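Note that this is a predicted model, so its numbers are computed, not measured.
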Amino acid sequence: MSAAKQLILGEFSRRLDDRFRFSLPGEMLDVFQPKDGDCVIAKERPGCVSLWDQTAWKEKLDAQIDVIQSKLRAGNLEQKVPQLQLLGRLLSTRHRPVQMAAKGRIVLPEGFREFLKVEPGSELMIIGAAVCIEIWNPEKWISYIEGKMPRFRKLLTKLSN
């Protein structure tokens with residue numbers, strides 16, 4: 001979770017400028033404050049990438065990779081070479097470090113803008129996803145949230161009990 005241990009919340013519309021830059025909303029910057037502006041952007045699902053504090057991302061990813069590497073050293077994954085290759089391909093292209101500049105400005109890197117299917121001038125939806133910030137293609141966001149909103153009350157009750 002962020003250093004402030006607060007949920008990152010909110011839904012905001014932004015536009016990409018001609019150099020594929022956008023600014024995070026000030027309300028999110030009050031909670032999301034990565035050390036030295038070091039962030040990681042990661043492909044999540046079609047039409048969505050997430051923005052993480054680099055330290056939090058590294059801890060999360062390193063723990064998972066350590067488990068896989070120990071299983072590999074122990075010979076427990078010899079029958080799963082195709083799955084390991086797929087994991088390697090996805091790890092190689094899934095995330096990239098990015099720098100958050102003054103006033104929360106981020107450049108959406110090549111490969112990630114194609115994943116989102118956006119061009120200069122495109123609208124983006126900036127969504128607080130509790131532990132990270134998500135950047136969505138607006139059409140994908142509407143479709144996603146329409147499918148998930150009916151489960152909101154059940155999810156809130158489950159997480160708060």
4.5 Å side-chain heavy-atom contact, [X] and [Y]:
X: Phe32; Y: Cys39; value: yes
X: Leu51; Y: Val98; value: yes
X: Met125; Y: Ser13; value: yes
X: Val131; Y: Trp52; value: yes
X: Lys58; Y: Asp38; value: no
X: Ile135; Y: Phe112; value: no

Distance, nearest 0.5 Å, that separates [atom1] of [X] from [atom2] of [Y]:
X: Leu16; Y: Ile106; atom1: CG; atom2: CD1; result: 12.0 Å
X: Asp30; Y: Leu24; atom1: CG; atom2: CG; result: 11.5 Å
X: Gln54; Y: Met100; atom1: CD; atom2: CE; result: 12.0 Å
X: Ile126; Y: Glu27; atom1: CD1; atom2: CD; result: 12.0 Å
X: Trp141; Y: Glu11; atom1: CH2; atom2: CD; result: 6.0 Å
X: Glu134; Y: Leu124; atom1: CD; atom2: CG; result: 13.0 Å

Take atom [atom1] in [X]; do more than 12 heavy atoms of anything else shown fall under 6.0 Å from it?
X: Glu139; atom1: CD; answer: no
X: Gln83; atom1: CD; answer: yes
X: Lys43; atom1: NZ; answer: yes
X: Arg153; atom1: CZ; answer: no
X: Lys60; atom1: NZ; answer: yes
X: Glu110; atom1: CD; answer: no

Between the main-chain N or O of [Y] and the side-chain N or O of [X], is there a donor-acceptor pair closer than 3.5 Å?
X: Arg113; Y: Val118; answer: no
X: Asp18; Y: Pro120; answer: no
X: Ser143; Y: Lys140; answer: no

Practice prompt. Kindly indicate, with the supporting measurements, whether the criterion side chain to side chain contact (heavy atoms under 4.5 Å, CB included) is fulfilled by Ile41 and Leu108.
Written response: CA-CA 9 Å; Ile41 194 164; Leu108 190 60; 3.6 Å; yes
Worksheet item: Who else is in the cluster with Leu155 when I, L, V, M, F, W and Y are joined by side-chain contacts under 4.5 Å?
Response: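 Once heavy-atom contacts under 4.5 Å are chained together, Leu155 belongs with Leu159.
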Fill in: Test: Arg14 cationic atom under 6.0 Å from Phe22 six-membered ring centre, within 45° of axis
no
Discussion item. If the test is side chain to side chain donor-acceptor pair (under 3.5 Å), which one of His95, Arg45, Glu44 qualifies with Ser50?
Written reply: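 Single pass found, and it is Glu44.
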Worksheet item: How close do Ala42 and Trp57 get, heavy atom to heavy atom, and via which atoms?
Response: CB-CH2, 3.6 Å
Discussion item. To check you understand the geometry: which heavy-atom pair defines the closest contact between Leu72 and Leu77, and what is its length?
Written reply: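 Answer, listing the atom of Leu72 first, then Leu77: N-CD1, 3.9 Å.
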Worksheet item: Is there a chain of hydrophobic side chains (I, L, V, M, F, W, Y, each step under 4.5 Å between heavy atoms) that links Ile127 to Met149?
Response: yes
Worksheet item: Are Val107 and Val49 connected, step by step, through hydrophobic side chains (Ile, Leu, Val, Met, Phe, Trp, Tyr) whose heavy atoms are closer than 4.5 Å?
Response: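 No, separate clusters.
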